[in-house]
Amino acid sequence: MERFWQSQDTSVELRPFALELVEGTTAHLEAIDTVLQNTSENWKLHRMPVVDLSILRCATYEILYLDDIDPATSINEAIEIAKSYSTPDSPKFINGVLDNIHKKHPDVPES
């Protein structure tokens with residue numbers, strides 16, 4: 001992991017959050033994938049672009065498990081990442097899926 005960080009131009013302050021995001025998403029991957037499959041209408045996870053699926057998994061982890069992050073912030077960040085790294089249709093798709101996840105989990109505070 002240290003070799004990875006040495007190859008990246010990121011601040012040391014961001015590393016703990018990035019590690020939490022990766023480890024948390026991985027630890028809850030089965031539950032996250034179940035939520036995504038149940039929420040993304042007419043799409044099987046294996047048919048989604050890998051970049052979109054990765055963005056959706058991380059943002060879903062944030063929405064469901066990180067109480068200190070506003071769900072709207074997670075959704076907006078996911079959309080911005082999709083604009084930079086995925087297809088032209090991806091931001092709208094990601095927004096729709098994540099918005100549905102946020103709405104279907106009432107224990108998550110409204111933004």
Side-chain angles (χ1 to χ4, degrees):
M1 194 64 175
E2 191 57 38
R3 193 178 324 165
F4 169 78
W5 288 121
Q6 290 173 355
S7 70
Q8 303 302 307
D9 185 26
T10 59
S11 69
V12 174
E13 294 83 24
L14 293 178
R15 293 177 185 184
F17 176 70
L19 190 59
E20 177 183 4
L21 190 58
V22 170
E23 289 177 346
T25 300
T26 303
H28 297 282
L29 192 58
E30 188 174 329
I32 290 168
D33 280 355
T34 298
V35 169
L36 287 171
Q37 189 59 68
N38 292 336
T39 308
S40 54
E41 300 171 12
N42 304 318
W43 277 92
K44 299 289 183 198
L45 298 185
H46 71 274
R47 292 190 59 231
M48 290 182 191
V50 175
V51 172
D52 292 2
L53 183 56
S54 297
I55 293 168
L56 285 167
R57 284 172 167 165
C58 289
T60 300
Y61 171 73
E62 287 182 0
I63 291 167
L64 298 180
Y65 297 98
L66 298 182
D67 296 333
D68 59 332
I69 298 177
D70 179 38
T73 301
S74 297
I75 294 169
N76 288 335
E77 288 296 321
I79 292 166
E80 291 304 314
I81 293 169
K83 286 178 183 176
S84 296
Y85 297 103
S86 199
T87 69
D89 294 330
S90 293
K92 183 177 178 181
F93 172 71
I94 287 172
N95 181 50
V97 172
L98 294 176
D99 191 49
N100 283 336
I101 289 171
H102 176 56
K103 288 177 182 174
K104 288 182 179 182
H105 290 83
D107 53 323
V108 178
E110 284 295 320
S111 50

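- Met48 approaches Leu53 most closely through the heavy-atom pair SD-CD1, 4.1 Å.
- For the side-chain contact (heavy atoms from CB on, under 4.5 Å) test, residues two or more places apart in sequence or in another chain that qualify with Ser74 are Glu62, Ile63, Ile69.
- With hydrogens and angles disregarded, no donor-acceptor distance shorter than 3.5 Å links the side chain of Asn95 to the backbone of Pro91.
- Not counting sequence neighbours, the partners of Ile81 by the side-chain contact (heavy atoms from CB on, under 4.5 Å) test are Ile55, Tyr85.
- When the ring pair (Phe, Tyr, Trp, His ring centres under 6.0 Å) test is applied to Tyr65, the partners found at least two apart in sequence or on another chain are His28, Tyr61.
- Note that the CD1 atom of Ile32 and the CG atom of Leu56 stand 10.5 Å from one another [nearest 0.5 Å].
- For residues 29-38, the set of pairs meeting the side chain to side chain donor-acceptor pair (under 3.5 Å) definition, not counting sequence neighbours, comprises Asp33-Arg57.
- In terms of the side-chain hydrogen bond (donor to acceptor under 3.5 Å, both in side chains) criterion, Lys92 has no residue partners (sequence neighbours excluded).
- Transitive grouping of hydrophobic side chains (ILVMFWY, heavy atoms separated by less than 4.5 Å) brings Leu64 and Phe17 into a common cluster.
- Residues Leu19 and Leu29 are members of separate hydrophobic clusters, defined by side-chain heavy-atom contacts under 4.5 angstrom among Ile, Leu, Val, Met, Phe, Trp and Tyr.
- A search for side-chain contact (heavy atoms from CB on, under 4.5 Å) contacts involving Arg47 returns Trp43, Lys44, not counting sequence neighbours.
- A distance of 8.0 Å separates OG in Ser40 from CD1 in Ile101, rounded to the nearest 0.5 Å.
- More than 12 non-hydrogen atoms from other residues, nucleotides or ligands lie less than 6.0 angstrom from CG of Asp68.
- Remark: Glu80 pairs with Lys83 by the side-chain hydrogen bond (donor to acceptor under 3.5 Å, both in side chains) rule, at least two apart or across chains.
- Summarising the geometry, atom CD belonging to Glu77 is positioned 12.0 Å from atom CG belonging to Leu98; distances are rounded to the nearest 0.5 Å.
- The side-chain hydrogen bond (donor to acceptor under 3.5 Å, both in side chains) search around Thr87 returns Ser90, not counting sequence neighbours.
- In the hydrophobic clustering of ILVMFWY residues, with side-chain heavy atoms under 4.5 Å counting as a link, Leu45 and Val35 come out together.
- Within the 4.5 Å cutoff, no side-chain heavy atoms of Val97 are placed close to those of Thr60.
- Smallest separation of non-hydrogen atoms from Val51 and Ser86: CG1-CB, 4.0 Å.
- Expressed to the nearest 0.5 Å, how far NZ of Lys104 lies from OG1 of Thr39 amounts to 5.0 Å.
- With sequence neighbours excluded, the residues satisfying salt bridge (Lys or Arg N to Asp or Glu O under 4.0 Å) with Asp99 are Lys103.
- Residue pairs that meet the salt bridge (charged side-chain N to carboxylate O under 4.0 Å, His left out) test with at least one member in residues 16-27, sequence neighbours left out, do not exist here.
- In this view, Ser84 satisfies the side-chain contact (heavy atoms from CB on, under 4.5 Å) rule with no residue, not counting sequence neighbours.
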